[in-house]
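Read the structure below first, then the notes.
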Amino acid sequence: MEKKIRVRFAPSPTGGLHLGGVRTALYNFLFAKQHGGDFILRIEDTDQSRYVPGAEEYINESLKWCGLEPDESPLKGGPLGPYRQSERKSIYREYADQLVKSGKAYYAFDSPEELETMRSKYRTADNPSPQYDRRTREHMRNTLSLTFEETERLMAGNTAHVIRIKMPDKEIVYLQDMIRGEVIFDTSLLDDKVLLKADGMPTYHLAVVVDDYLMKITHAFRGEEWLPSAPVHVLLWRYLFGEDLMPEWAHFPLILKPDGNGKLSKRDSARLGIPIFAMDWKDPATGQTITGFRESGFLPQAFVNMLAVLGWNDGTEQELYSLDDLVDKFSIDRVHKAGARFNYEKAKWFNHEWIKRFSTHALVPFVKKVFEENNLRVANDASLIPVISLIRDRCSLLGDFYIQGKFFFTAPQQWDLNAIRSKWNGQKADFFKEYIEILDKIPEWNAASLESAFKAIAAEKNIKAGELQLPLRIMLVGEKSGPPVFEIAAILGSAETIKRIRSLINSGSLQ
RNA sequence: GCCGCGUUGGUCAAGGGGUUAAGACGCAUCCCUUUCACGGAUGAAUCACGGGUUCGAUUCCCGUACGCGGUACCA
C-alpha cells in the first residue's frame, strides 16, 4: 500500500498573493489531486513583525476564487493541525532542544549588535557578507565557544538566545530534486542558520521540517528561491526524523518581470499598469491598492490556465486547459528549469479564449456584475443574452463587455460627429427621415429586414448604402466602431432605434 | 566575492546527434467584413559564445560570458 500523497502550500501572510505564489499553490494542488492526495494550506506566520492583518483571509479567498481549495487549512481544520505556525510555537522548542542535545545545534547569545559587529569586522571586498559559520563561530558567544559554566550562567539568567544549526565541517549533501535532478552542496560553505529565534519562534528552516514531518507531507514543492537553503533542510531531516521519511523535493522556477531583470514583484504592478496579485490587495499600512487579476476582469479559469502554462507544458500543442484537464495532464518533470517572463498580453489572450469557451448563459453573472460596477443597472438578465452573444468575441477582459455593450442600455451621451459631418447633407437627412417612417411599421424587426429596407430606400434615393451606414452607427452607438449596425438595431428594438435616429437628426448638430 | 540554478525567435515554448528547428502571444502584410473586432492566410530564429567528442552537435562533455536566486533572529 502506497503512502497517501500529501502536499502543502505554505505562504506567509505578509500581503497579497502574487502570481508566483498562486502558481506554486496550483502545482501543489494539481499534483495532489492527480494522485488522489491531500492539499494542505499551512500559514507560515512565524515572523510576528511582518504580520499583516487580512492577509490570511486574502489567501483563503484567492485560493477559493481560483478553485484551489485546500483539504486541510486553518479555516477548515484537519487532523494534523493547527495549521498556523504561530499556534504551534510550543512544538518547535522540543525539536530544537533535541538537536542541541545531540550536538547538531547550539545556543548562541549574540545580540543583533554583536552580529553586526562581527559582519563589519570580517567584511572585505572579497567577502561582502561574512557568515556565522565554522570559521567565525569560535569568536562569537555560544555554547561552542564559551565554557560550560559560562553558558550555564547565561541560561540561568534567562539570557536571550537563539539556537543555531552546527553546520558540519566537510560534508557533501545530495539533494534529489524532481525538476533539477541531483543538486550537490558542500557544507563547509554553508552557515549556521538560526533555527529557533530569541522570541521562541522557529525560523522557516526548523518550521518546515518539523511541520512537514508532523503533517506527513510526502512531496515538498516550493519556489526556486529556497534551493540554496535546501541542504539545511536535508540535514535537519537527517538529524531529526531520518532521510527515509523526508519528502521529495521540487523547486519551481521563478516568474520574472515582463521587462528588465529580476523576479516579478508587487512594485511592477503600478509601474507597468498590470495586475500581479490574484485579487485586489489593499495594503492596510499605506492604504494603497495593488490590482488583482480578478478585478482586472479575468475569469478564474483563464487565470489558472495562464499560470499553469507559464513554466509548464504537456509536450503537445494544447494551450487551453480547464482545472480538470490540468489535474489529468500535469506532471512535475515537465516543469521548466528556467524562470519565465510574465507576459500580460498573453494573459489577456487566455482570458479571451476562455470568454469564447464560456456559454453566453454562463457569462451573464460576470457581465451583469461589470455593468453594475459601472452604475448601469440591468433590469432583467434575459436582456443581456443577445447582447453578450453579439459582442462576446470582441471582449478580452470582462470590463470590455461594458465598453462594448453599454450603448445597448443607455443612449449615446455624445456623437462622434467628426466622422460624418464632412459628408453629411440634406439628402442624407431626408433618407433617415424616410427610414424612420418605414421602421415604424416594419413587419418583422430583425437585422435582415432592417438592412433590406435600408438598402431599398438608399437605392431609391440613389445614395450609396455604405455612406449611410456610418451615420446610422453614430446615431445608435455614438462611435464609429462596433458590431454590425443592423444587429445592433435589431437588439435595440423599434422604439429605441427610431428614438436614437431622430435624436441626432433633430439635434441640429449636423447642420 | 562565494554558493546554487539557468541560457532555443521580442515573449511563452516543442524538439533533441543527421529535422524545411513545432506551436502560441505580440508584430507586419494580405483575405474576409460597405465600420471596428473575431476569424483565415502569409512572413520573420541556425538554437549565448569558445573549445572538444563525433563522419556529423542546436542536441553530449568542458570552459567562458550573461541572467536569476541565495548569502537575515524574512519567508
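Below, chain A is the first sequence line, B the second, and so on; all start at residue 1.
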Reckon [X] touches a base, only the sugar-phosphate, or nothing at all at heavy-atom distances under 4.0 Å?
{"X": "A/P483", "answer": "base"}
{"X": "A/L254", "answer": "sugar-phosphate"}
{"X": "A/K480", "answer": "base"}
{"X": "A/L115", "answer": "base"}
{"X": "A/H336", "answer": "sugar-phosphate"}
{"X": "A/A198", "answer": "base"}
{"X": "A/V309", "answer": "sugar-phosphate"}

For [X] and [N], what is the distance between atoms [atom1] and [atom2] respectively, to the nearest whole Å?
{"X": "A/I255", "N": "B/rC12", "atom1": "CD1", "atom2": "P", "answer": "12 Å"}
{"X": "A/L227", "N": "B/rC3", "atom1": "CG", "atom2": "P", "answer": "15 Å"}
{"X": "A/L175", "N": "B/rG70", "atom1": "CG", "atom2": "C1'", "answer": "15 Å"}
{"X": "A/Y174", "N": "B/rG4", "atom1": "OH", "atom2": "C1'", "answer": "16 Å"}
{"X": "A/L19", "N": "B/rC12", "atom1": "CG", "atom2": "P", "answer": "14 Å"}
{"X": "A/L468", "N": "B/rU35", "atom1": "CG", "atom2": "P", "answer": "14 Å"}
{"X": "A/F350", "N": "B/rA13", "atom1": "CZ", "atom2": "P", "answer": "11 Å"}
{"X": "A/K356", "N": "B/rG40", "atom1": "NZ", "atom2": "P", "answer": "7 Å"}

Count the heavy atoms of every other residue, nucleotide or ligand shown that sit under 6.0 Å from NZ of A/K329, and state whether that count exceeds 12.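 Yes - once you tally the heavy atoms of other residues, nucleotides and ligands closer than 6.0 Å, there are more than 12.
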Say you pick atom [atom1] in [N] and the same atom in [M]; how far apart are they, in whole Å?
{"N": "B/rA57", "M": "B/rG51", "atom1": "C1'", "answer": "13 Å"}
{"N": "B/rG67", "M": "B/rC73", "atom1": "C1'", "answer": "32 Å"}
{"N": "B/rA45", "M": "B/rA14", "atom1": "C1'", "answer": "14 Å"}
{"N": "B/rG70", "M": "B/rG18", "atom1": "C1'", "answer": "42 Å"}
{"N": "B/rG1", "M": "B/rG43", "atom1": "C1'", "answer": "48 Å"}
{"N": "B/rG4", "M": "B/rG63", "atom1": "P", "answer": "12 Å"}
{"N": "B/rU11", "M": "B/rG17", "atom1": "C1'", "answer": "29 Å"}
{"N": "B/rG9", "M": "B/rA48", "atom1": "C1'", "answer": "13 Å"}

Both distances under 3.5 Å, Watson-Crick or G-U wobble: report the partner of [N], or none.
{"N": "B/rU20", "result": "none"}
{"N": "B/rA75", "result": "none"}
{"N": "B/rG69", "result": "B/rC3"}
{"N": "B/rA48", "result": "B/rU64"}
{"N": "B/rU35", "result": "none"}
{"N": "B/rG43", "result": "B/rC27"}

Kindly label the base of B/rC38 as syn or anti, based on whether its glycosidic torsion lies within 90° of 0.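 Syn, since the glycosidic angle lies within 90° of 0.
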Between A/T360 and A/R392, a side-chain donor and acceptor under 3.5 Å: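 Yes - a donor-acceptor pair under 3.5 Å links their side chains.
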Side-chain heavy atoms of A/L175 within contact of A/P231, under 4.5 Å: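 No. Closest side-chain heavy atoms not under 4.5 Å.
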Side chain proximity check, A/W312 to A/I332, heavy atoms < 4.5 angstrom: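 Heavy-atom side-chain distance check fails, nothing below 4.5 Å.
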For the residue pair A/F298 and A/Y344, categorise the inter-ring angle as parallel (less than 30°), tilted (30 to 60°) or perpendicular (more than 60°).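 Rings of A/F298 and A/Y344: tilted, as their planes differ by 30° to 60°.
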When you check the phosphate oxygens OP1 and OP2 of B/rA72, does a side-chain N or O of A/H205 lie under 4.0 Å from one of them?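 It does not, given that no N or O in the side chain of A/H205 lies less than 4.0 Å from OP1 or OP2 of B/rA72.
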Do the two ring centres, one from A/F9 and one from A/Y27, sit under 6.0 Å apart?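 No, ring centres 6.0 Å or more apart.
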Does the gap between the ring centers of A/Y204 and A/H233 come in under 6.0 Å?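 Yes, the ring of A/Y204 comes within the 6.0 Å limit of the ring of A/H233, centre to centre.
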